[in-house]
Amino acid sequence: MIFSRANFRRISTLKQIMEAKIAESRQRLTKLKKDHGNVPIDQVTIDQVVRGMRGMKALLTETSRLDPFKGITFRGLSIPECQQRLHGKYREPMPESMYWLLLTGEVPTFDQVEELRGELAKRSQIPAHTLDLLNSLPKHMHPMTQLSMGVLSLGAESEFMKAYDAGVKKSEYWISTLEDSLSLVAKLPGMAAIIYNNVYKDGKTCDPSIKYDLSENFGRMLGFSDNNFFELMRLYLTIHCDHEGGNVSSHTTHLVGSALSDVYKAYSAGLNGLAGPLHGLANQECLKWLLELWKVVGDNAEEDSIAVYVKETLKNGKVVPGYGHAVLRVTDPRFLVQMEFAKKSIDDCPLCKIVALCYKVIPRVLKEHGKAQNPYPNVDAHSGALLYYYGLREFEFYTVLFGVSRALGCTASTIWDRALMLPIERPASMTMEGLEEFAAKE
Ligand code: AMX
């Protein structure tokens, strides 16, 4: 036996539901491969090869689906539907409920959420070697680098690697990957809080409590006590959790995991991708840009002064952070839900008012500029303003919050990759000469 029986008993309902779903999905996939394996989905163009595989349908991801015009759905549920069905006893959806949904495809009952909440709370203790590592890192090291290193160090306890070394069957790889994933998701808020308190505060982090949900524990470990901030954390950690399989963090996690690296190695790599300014780091860049804009236009900003500032950004050859998207062609529903949160919960946030004004002005300016395929705001255009309002003002930490959330989607997908026994990822690359030969044939 690779894991303790006690652990298995604790996650038995989750595991049993997943077992049934996996058996059914394996049958569907076998049929697809056998009966329809040769059906073409798409034609790959030279443009797609040289433009970052944009829109190329080449990945199987079960947890969420991104429609350019409707935005994200998690196992078929839109963000407003998740708000209605995943909130448990709170106002905003719970990340625990979302994780259950991503893992099983089902909306959990109250008892199931409670089971998962308790399970995660029990697994939240951080091993001594990871604590020592985090406490030894220099304050000037970017928090995302620290988080990625911390996650990698958790791999010393990987149940998957133990199972693999013990010769467990391929069809059971998902079970130890589920074990690792639950432990990773459980430990991430504490690790993030330790990094925050080490870098920006007095280095002291309180322990999580079994009494609270993941979001309240996280908020408290970061030093907050405001219930509205905990609600914001619930919303934030839920809406950032997954964005189908092709984005940099999810795709990287999938790619590394496809070589059967444990989920700690795979997600640590995913975090390094999330730390790029065109991906998760955009939230940090976005708030920096907004604060500079605020300084210039003041509290009583008007549309014209914002337009002048945006045009200046573009004239300097910079992108407007928080705007545009590789897939979406409408306003990101994750932006809209944060704007709603601001309207509902906050009436005295000048920065949120500027964000709302920007939403009126920037799409028009970007359309006139004529380059961006999507001139509308993405998730990052609002998140920084809300965090700033509640007093979380250390921008370099913002992508860490994103990283705590994205673990839900990336680990759930890695478990399903193993459940469906997907092979190592190995596409083919082309030389320029090879592409020219194709072009000449046309
Ligand atoms: N401001 C100015 N120019 C923009 C722009 C923006 N917000 N968004 C796109 N463009 C430009 C691109 O730089 C590109 O210019 P180029 O031809 O000179 O290279 C051109 O418009 C076409 O780009 P695109 O096809 O519309 O976008 P993309 O798929 O190449 O890139 C993204 C998508 C998000 C990287 C891009 O829109 C961008 O840089 N946005 C600002 C950064 C940002 O908000 N990132 C967060 C994304 C969400 C996330 O992952 N967290």
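Worth saying up front: this structure is predicted, and the values here are computed from it rather than measured. Whatever order the structure lists ligands and atoms in, that order sets their numbers, starting from 1.
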Which atom pair, heavy atoms only, marks the closest approach of Asn217 to Pro208?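 Of all heavy-atom pairs spanning Asn217 and Pro208, the closest is OD1-CA, 3.3 Å.
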[atom] [closest protein heavy-atom partner, distance rounded to 0.1 Å]:
atom                    : result
atom 16 (P) of ligand 1 : Lys371 NZ, 3.9 Å
atom 5 (C) of ligand 1  : Ala372 CB, 3.9 Å
atom 6 (C) of ligand 1  : Val320 N, 3.6 Å
atom 39 (O) of ligand 1 : Leu278 CD2, 3.6 Å
atom 3 (N) of ligand 1  : Val319 CG1, 3.9 Å
atom 25 (O) of ligand 1 : Gln373 CG, 3.2 Å
atom 40 (N) of ligand 1 : Tyr323 O, 2.9 Å

Ring-plane angle category for [X] and [Y], please: parallel below 30°, perpendicular beyond 60°, tilted otherwise.
X      : Y      : answer
Tyr236 : His240 : parallel
Tyr388 : Trp294 : perpendicular
Phe335 : His382 : tilted

Any atoms of ligand 1 less than 4.0 Å from a non-hydrogen atom of [X]? List them with their elements.
X      : answer
Ala282 : 43 (C), 44 (O), 45 (N), 46 (C)
His325 : 33 (C), 34 (C), 37 (O)
His279 : 46 (C), 49 (C), 50 (O), 51 (N)
Leu314 : 2 (C)

Is the shortest side-chain N to carboxylate O distance from [X] to [Y] below 4.0 Å?
X      : Y      : result
Lys315 : Glu312 : yes
Glu179 : Arg123 : yes
Glu92  : Lys344 : yes
Glu292 : Lys295 : no
Arg220 : Glu216 : yes

Are any of the protein's heavy atoms under 4.0 angstrom from [atom], yes or no?
atom                    : answer
atom 43 (C) of ligand 1 : yes
atom 10 (N) of ligand 1 : yes
atom 32 (C) of ligand 1 : no
atom 19 (O) of ligand 1 : no

Do any N/O atoms on Gly322 end up under 3.5 angstrom from N/O atoms on ligand 1?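 Yes, there is a polar N/O contact under 3.5 Å.
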N/O to N/O below 3.5 Å, does that happen between Phe402 and ligand 1?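 Not met; the criterion fails.
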Closest to atom 49 (C) of ligand 1 among Asn378, Asp380, Thr399, Val327 (heavy-atom distance):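 Heavy atom nearest to atom 49 (C) of ligand 1 belongs to Asp380.
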Quick one: does Arg54 get within less than 4.0 Å of ligand 1, heavy atoms only?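 The answer is yes: ligand 1 sits under 4.0 Å from a heavy atom of Arg54.
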Take every heavy atom of Arg51, measure it against each atom of ligand 1, and state whether any distance is under 4.0 Å.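 For ligand 1, residue contact (heavy atoms, under 4.0 Å) with Arg51 is present.
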Near-ring test Tyr173/Phe160, centroid separation under 6.0 angstrom: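 So the answer is yes for these two rings.
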Check whether the ring centres of Phe395 and Trp289 lie less than 6.0 Å apart, and answer yes or no.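 Not close enough - the centres of the two rings lie 6.0 Å or further apart.
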Between Ala326 and ligand 1, which part of the residue brings a heavy atom under 4.0 Å of the ligand: side chain, backbone, both or neither?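 It is both parts that get close, each with some atom under 4.0 Å.
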Main-chain N/O of Val107 paired to Arg75 side chain as donor or acceptor, under 3.5 Å: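 Judged by distance alone, no pair lies under 3.5 Å.
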Counting distance only, does the side-chain N/O of Thr253 pair as donor-acceptor with the main-chain N or O of Ser249 below 3.5 Å?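 Between the backbone of Ser249 and the side chain of Thr253 there is a qualifying donor-acceptor contact (under 3.5 Å).
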